Amino acid sequence: DSGVTQTPKHLITATGQRVTLRCSPRSGDLSVYWYQQSLDQGLQFLIQYYNGEERAKGNILERFSAQQFPDLHSELNLSSLELGDSALYFCASSVGAVPNYGYTFGSGTRLTVV
Amino acid sequence: QQPVQSPQAVILREGEDAVINCSSSKALYSVHWYRQKHGEAPVFLMILLKGGEQKGHDKISASFNEKKQQSSLYLTASQLSYSGTYFCGAISSGSARQLTFGSGTQLTVLP
């Protein structure tokens with residue numbers, strides 16, 4: 001157990017639907033990062049939150065949004081889902097705003113859009 | 001901009017050595033290395049900071065050439081457990097300090 005908790009582990013949903021992925025960072029970590037991993041794209045950075053505030057944005061679609069709550073857990077909302085959104089979504093956490101001690105990844109949520 | 005990793009895939013016999021390279025077109029602040037086994041989360045191996053020294057961890061070590069914006073991961077006397085996909089991640093010396101991953105190197109160690 002890495003200490004980063006992601007739920008659910010698997011999600012199957014239809015095109016056009018909306019889903020919410022949840023992440024609880026490792027105790028003491030203030031930063032949460034979201035990554036998308038699909039077969040042909042590797043690990044694509046989506047967004048980072050640090051202590052409740054958005055800190056950096058990557059290739060996140062407008063249909064996707066995220067937030068970090070006062071207890072530091074984070075949610076990634078994916079709406080108007082398309083087949084191409086099927087992927088493994090990882091959350092990672094680090095102590096500071098810049099990951100000078102590396103990331104700890106959660107076990108991921110596998111999203112399948114049918 | 002994504003760092004470039006090479007080779008894309010390596011097949012070794014147990015006990016052999018391997019080197020995985022990672023290069024960037026941007027000035028780097030730090031380089032991270034992670035290993036991901038199939039169906040699992042990436043696991044942090046080590047970080048090399050600008051101005052830092054070569055890091056090591058058992059028989060896996062890495063170097064960072066700041067002038068060339070390159071890092072190399074060295075796996076010595078490979079074990080079966082080393083199999084997996086190795087990703088380098090680079091943070092550029094800019095204000096954003098985002099970690100961008102390379103496309104990965106698939107390492108297979110055969111008995």
Side-chain angles (χ1 to χ4, degrees), chain A residues 1-7 9-10 21 23-26 29-50 53-60 66 87-110 112, chain B residues 1-9 20 22 24 26 28-53 55-57 60 62 64 71 73 84-106:
Chain A
D1 181 8
S2 68
V4 178
T5 304
Q6 283 190 252
T7 56
K9 289 196 185 307
H10 301 277
L21 312 184
C23 170
S24 293
R26 197 178 55 162
D29 286 356
L30 298 180
S31 272
V32 170
Y33 309 80
W34 287 98
Y35 280 82
Q36 180 191 57
Q37 187 176 39
S38 48
L39 282 173
D40 57 347
Q41 297 272 332
L43 283 158
Q44 297 294 313
F45 171 68
L46 296 178
I47 198 163
Q48 176 197 358
Y49 280 84
Y50 174 71
E53 301 287 328
E54 181 185 305
R55 188 175 187 276
K57 222 170 191 177
N59 300 321
I60 188 165
L88 200 47
Y89 290 83
F90 283 109
C91 161
S93 71
S94 70
V95 172
V98 180
N100 287 336
Y101 302 98
Y103 284 171
T104 302
F105 279 88
S107 56
T109 293
R110 183 171 293 283
T112 304
Chain B
Q1 203 164 3
Q2 192 178 29
V4 177
Q5 278 187 243
S6 64
Q8 288 188 319
I20 300 172
C22 176
S24 173
K26 294 184 176 182
L28 295 178
Y29 168 78
S30 66
V31 176
H32 295 214
W33 287 96
Y34 293 79
R35 177 172 62 211
Q36 184 179 29
K37 292 185 180 284
H38 184 68
E40 298 180 9
V43 173
F44 174 69
L45 294 176
M46 65 190 75
I47 183 172
L48 298 104
L49 296 170
K50 184 177 177 180
E53 57 195 52
K55 298 282 189 177
H57 148 9
I60 301 176
F64 180 18
S71 178
L73 185 72
T85 301
Y86 288 78
F87 291 97
C88 74
I91 295 182
S92 301
S93 298
S95 57
R97 300 284 169 100
Q98 294 176 29
L99 183 63
T100 304
F101 285 96
S103 55
T105 296
Q106 191 168 349

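So you know, we letter chains A, B, ... as the sequences are listed, proteins then strands, and number each from 1. Every value quoted in this text rests on a predicted model; they were computed, and no experiment measured them.
- In this structure, A:Tyr103 and B:Ile47 have side chains that are not in contact, with every pair of non-hydrogen atoms separated by 4.5 Å or more.
- With values rounded to the nearest 0.5 angstrom, A:Asn59 atom CG is found 8.5 Å from B:Thr100 atom OG1.
- Residue A:Phe45 touches chain B through its side chain alone, counting heavy-atom pairs closer than 4.5 Å.
- In this structure, the portion of A:Tyr35 lying under 4.5 Å from any heavy atom of chain B is its side chain and not its backbone.
- In A:Lys57, the NZ atom is not crowded: 12 or fewer heavy atoms of neighbouring residues, nucleotides or ligands sit closer than 6.0 Å.
- Rounding to the nearest 0.5 Å gives a distance of 9.0 Å between CZ of A:Arg55 and CD of B:Gln98.
- Looking at heavy atoms from C-beta onward, A:Val98 lies in side-chain contact with B:Tyr29 at the 4.5 angstrom threshold.
- When all heavy atoms of B:Ala41 and A:Gly106 are compared, the pair lying nearest together is CB-O, 3.0 Å.
- The line from CZ of B:Phe87 to CD of A:Gln37 is 5.0 Å long, rounded to the nearest 0.5 Å.
- Distance check: B:Gln2 CD to A:Leu43 CG gives 9.5 Å after rounding to the nearest 0.5 Å.
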